[in-house]
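Read the numbers this way: they start at 1 and go in the same order the structure lists the ligands and their atoms.
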Amino acid sequence: MDVAADLRAQLLRLVPDERRVSDGESVLDQHSADLSYHPPHRPDVVVFPESTGEVARVLEWADEARVPIVPFGAGTSLEGHVIPLHGGISLDLTRLSAIVALRPYDLTVTLQPGVTRSQLEAAAGPHGLWFPVDPGADATLGGMAATNASGTTTVRYGGMRAHVLALEVVLPGGRVVRTGSRAVKTSAGYNLTNLFVGSEGTLGVITELTLRLHPIPDHIVVSRAAFPSVESACRAAAAIIGSGVLVTRCELLDAMTIAALNAFSGTDFPTSPYLFIEFGGTEAGVAGDLVTTRELAEDEGATAFESESDPTARARMWGARHNALMASLALAPGSKAMTTDVAVPVSELASAIEQARRALDESGLRGGIVGHVGDGNFHVAFLLDPNDAASIAQAEALNALVVEDALARGGTCTGEHGIGFGKLGYLEQEHGDLIPLFRGIKQLFDPNGIMNPGKVLP
Ligand SMILES: Cc1cc2nc3c(=O)[nH]c(=O)nc-3n(C[C@H](O)[C@H](O)[C@H](O)COP(=O)(O)OP(=O)(O)OC[C@H]3O[C@@H](n4cnc5c(N)ncnc54)[C@H](O)[C@@H]3O)c2cc1C
């Protein structure tokens, strides 16, 4: 009997449903890759559990049999996180998709890890509530917790760590533990909730999350403004945030990204760097914030300052922003993107982006720059030919330059995407002295090394 067939037979004893233990070609392929340039590698089998008990049974057996487990949410992560480098089991959590309890009075929700961001939005909206962490892709909440995702609204609300109150986690060996509580604060012992958030499936499988929700602001307005340069846009962003204006989002798009969006989404923005800014609060408060913002933007040479409060127009603008990566990829059909994700202190942002743009222009590679500028976090999407080793090597060299520059400025190699295996070397560069401690933590939770091997730690 071949290994995969044997594995499937073993797993069918634990999850007795032919449709939920699959080694079909297309299912294996769907679980072999992410959206990045990283080369695919198939799991031997994909399992779709429907309960914590099933996850526990699979982890107990896999730990004994030393079979790798790779948790899989929506597969939108960008550093090879979900690629089963050593085969084994891809554990697809999308069938764990129940909203267990939504508590409007407490502003919390308890849900299973396969619930997606848009499903949560649909459930919370009728209560006048929303979950603001928005990584752009329609990711699962389990995947977002496992990567400590953040995004356009982090400048006001924080990322996943600021929102996860409690977790249920299945550890290798099958033990089920609960961390945190439904209270919004706790000082009870070591913060294991925050350890699992961002652990990228290397310590255990998250099977339930309790998250904070927020009231939807009464009045929301989005503005956009064109700037003469990326640096002036960054300076304006820092001034706006420093003035105390309550921005919900503050996003930079460079001229090349704007050109790509115009071609991709049919917009007709003048081709120069832009800030897209969102405000939320009372009508009077937002009106005051808009006046201050416009003045500060115009001080930096902003033109074409336009605002909209209509929900459809707002959704169209953020839709265009969220299409930025796809729009850049459409510039070079067949290309893949290597996306940098550094974050620097806000005071360093303008010159860090300027340096990245110069290196990109000099290299001859194409690529746009977008940034969650309120957080000092920016992405350069290097477009490369995945079949051309030279183009990958060139992008890797540029990526290394951008990371080195960010670290020299007191920043980090990843503001939100995480390590996966694409940034293993950069983690070592940033936190080499901590690697032995990281290894000790890994050994404690996963002594047999079955959880997502080859990720976060080599
Ligand atoms: C166009 C685009 C834009 C993006 N923009 C952003 C952005 O602005 N900010 C941002 O943070 N990210 C961004 N991302 C990356 C991605 O959307 C996030 O990393 C997201 O959080 C991944 O969620 P997922 O459900 O797809 O997880 P997956 O990709 O399926 O998994 C991610 C990691 O989490 C682990 N995992 C998944 N579920 C569980 C679980 N239940 N228990 C334990 N481990 C688990 C996996 O093993 C893997 O290591 C973007 C991606 C795309 C394609």
Side-chain angles (χ1 to χ4, degrees), residues 30-31 33-36 38 43 49 52 55 59 68-85 88-97 111-119 133-155 159-161 164 167-172 195-209 249 251 318-319 321-329 336-337 339 341 343 370-372 375 377-379 381 414-422 445-446 451-456:
Q30 279 160 17
H31 294 80
D34 59 16
L35 297 170
S36 73
H38 295 298
T52 300
V55 173
L59 261 66
I69 295 271
V70 181
F72 190 100
T76 65
S77 45
L78 294 170
E79 289 295 352
H81 297 69
V82 291
I83 300 176
L85 298 176
I89 300 167
S90 178
L91 196 67
D92 186 313
L93 296 150
T94 48
R95 288 184 179 229
L96 282 168
S97 58
L111 44 74
Q112 291 185 311
V115 174
T116 64
R117 206 192 58 74
S118 64
Q119 287 166 346
V133 183
D134 177 7
D138 193 18
T140 63
L141 272 308
M144 288 168 61
T147 52
N148 186 29
S150 56
T152 52
T153 60
T154 307
V155 63
M160 283 306 283
R161 282 213 172 91
V164 181
L167 291 174
E168 177 188 85
V169 181
V170 181
L171 300 179
L195 178 61
F196 286 115
V197 175
S199 62
E200 302 186 10
T202 62
L203 301 180
V205 178
I206 298 167
T207 46
E208 192 177 278
L209 308 90
R249 296 174 154 115
E251 296 288 301
W318 290 121
R321 162 63 187 89
H322 286 323
N323 279 336
L325 180 59
M326 297 307 158
S328 292
L329 287 169
K336 293 269 185 181
T339 312
D341 172 37
V370 295
H372 310 303
D375 311 318
N377 182 204
F378 68 96
H379 308 299
T414 173
E416 54 186 24
H417 294 168
I419 301 299
F421 74 86
F445 282 89
D446 181 23
M451 291 306 305
N452 209 356
K455 315 297 166 54
V456 183

Fill in: Interatomic spacing from CD1 in I69 to CD1 in I89 - rounded to 0.5 Å
4.0 Å

Discussion item. Treating D138 as the side-chain partner and S118 as the backbone partner, does any N or O pair qualify as donor plus acceptor under 3.5 Å?
Written reply: yes

Item to complete: Look at the side chain of Q112 and the backbone N and O of S97, then say whether any donor-acceptor pair between them is shorter than 3.5 Å.
Response: yes

Fill in: N/O separation below 3.5 Å, A137 to ligand 1
no

Worksheet entry | P113 neighbourhood, listing ligand 1 atoms whose heavy-atom distance to it stays under 4.0 Å | 41 (N)

Discussion item. As an exercise, identify every atom of ligand 1 less than 4.0 angstrom from a heavy atom of M144.
Written reply: 21 (O), 23 (O)

Worksheet item: Tell me, which protein residue and heavy-atom name are nearest atom 28 (P) of ligand 1, and how many Å apart are they?
Response: G75 N, 3.5 Å

Worksheet item: Hey, which atoms in ligand 1 end up nearer than 4.0 Å to a heavy atom of H417?
Response: 6 (C), 10 (C), 12 (N), 13 (C)

Fill in: For V205, atoms of ligand 1 separated by under 4.0 Å from a heavy atom
42 (N), 43 (C)

Practice prompt. If you have a sec, work out which protein heavy atom is nearest atom 31 (O) of ligand 1 and how many Å separate them, to one decimal?
Written response: V82 CG1, 3.4 Å

Worksheet entry | T147 contact mode with ligand 1 (heavy-atom cut-off under 4.0 Å) | side chain

Worksheet entry | Where ligand 1 meets L35 - atom numbers and elements under 4.0 angstrom, heavy-atom basis | 53 (C)

Worksheet entry | Contacts of D446 that satisfy salt bridge (charged side-chain N to carboxylate O under 4.0 Å, His left out) - sequence neighbours left out | K442

Worksheet item: When you measure from atom 8 (O) of ligand 1 to each heavy atom in H379, E416, K455, which option holds the nearest one?
Response: E416

Practice prompt. Could you find the nearest protein heavy atom to atom 14 (N) of ligand 1 and give me its residue, atom name and distance?
Written response: P135 O, 3.9 Å

Worksheet item: Between the side chain of E200 and the main-chain N/O of G420, is any donor-acceptor distance below 3.5 Å?
Response: yes

Discussion item. Test your reading of the model: is there a side-chain donor-acceptor pair from K455 to the backbone of H81, 3.5 Å cut-off?
Written reply: yes

Worksheet item: Given that the side chain starts at C-beta and the backbone is N, CA, C, O, which of these parts of L78 lies under 4.0 Å from ligand 1, counting heavy atoms, or is it both or neither?
Response: side chain

Worksheet item: Just which atoms of ligand 1 are under 4.0 Å from any heavy atom in T140?
Response: 25 (O)

Worksheet entry | Donor on one side chain, acceptor on other, E168 and T52, under 3.5 Å | yes

Practice prompt. Starting from atom 35 (C) of ligand 1, find the nearest protein heavy-atom neighbour and note its residue, name and distance.
Written response: A146 CB, 3.6 Å

Discussion item. Quiz question: by atom type and distance under 3.5 Å, do the side chains of E251 and T152 form a donor-acceptor pair?
Written reply: no

Discussion item. Counting only heavy atoms, tell me which of G420, A139, A145 gets closest to atom 23 (O) of ligand 1.
Written reply: A139

Fill in: Protein residue, atom and distance nearest to atom 48 (C) of ligand 1, heavy-atom basis
H81 CB, 3.5 Å

Response to the item:
closest protein heavy atom to atom 49 (O) of ligand 1 is E200 O, 3.0 Å

Worksheet item: Looking at ligand 1, does any of its N/O atoms fall within less than 3.5 Å of an N/O of I206?
Response: yes

Worksheet item: For the residue pair S36 and L78, what are the closest heavy atoms and their distance?
Response: CB-O, 3.3 Å

Worksheet item: Considering distance alone, does some N or O of V70 sit under 3.5 Å from an N or O of ligand 1?
Response: no

Discussion item. At less than 4.0 angstrom from any non-hydrogen atom of N452, what atoms of ligand 1 do you find?
Written reply: 47 (O), 49 (O)

Worksheet item: Taking only heavy atoms of G73, which atoms of ligand 1 are found under 4.0 Å from at least one of them?
Response: 25 (O), 28 (P), 30 (O), 37 (C)

Worksheet item: Looking only at distance, does G204 have an N or O less than 3.5 Å from an N or O of ligand 1?
Response: no

Worksheet item: Within the distance-only criterion (no hydrogens, no angle test), does the side chain of S199 pair as donor or acceptor with the backbone N or O of T202 below 3.5 angstrom?
Response: no

Item to complete: Under 4.0 Å, heavy atoms only, figure out whether ligand 1 is touched by the backbone of S150, its side chain, both or neither.
Response: backbone

Worksheet item: Is the shortest N/O to N/O distance between G151 and ligand 1 below 3.5 Å?
Response: no

Fill in: Check: S150 main-chain N/O paired with T154 side-chain donor or acceptor under 3.5 Å
no

Discussion item. Heavy-atom distances under 4.0 Å decide this one: backbone, side chain, both or neither, for A149 against ligand 1?
Written reply: both

Discussion item. Residue-level breakdown please: for T76 versus ligand 1, do any non-hydrogen atoms fall below 4.0 Å on the side chain, on the backbone, on both, or on neither?
Written reply: both

Worksheet entry | Side-chain donor or acceptor of D34 paired with backbone N/O of G80 under 3.5 Å | yes

Worksheet item: If you measure from each non-hydrogen atom of H372 to ligand 1, which part falls under 4.0 Å: side chain, backbone, both or neither?
Response: side chain

Worksheet item: For atom 29 (O) of ligand 1, what is the nearest protein heavy atom, given as residue, atom name and distance?
Response: S77 OG, 2.6 Å

Fill in: side chain to side chain contact (heavy atoms under 4.5 Å, CB included) involving T153 - partner list, sequence neighbours excluded
W130, P132, Y157, T248, R249

Practice prompt. Kindly say whether the aromatic ring centers of F421 and H38 come within a distance under 6.0 Å.
Written response: yes

Worksheet item: Would you say the side-chain atoms of R161 pair up with the backbone N or O of N148, donor to acceptor, closer than 3.5 Å?
Response: no

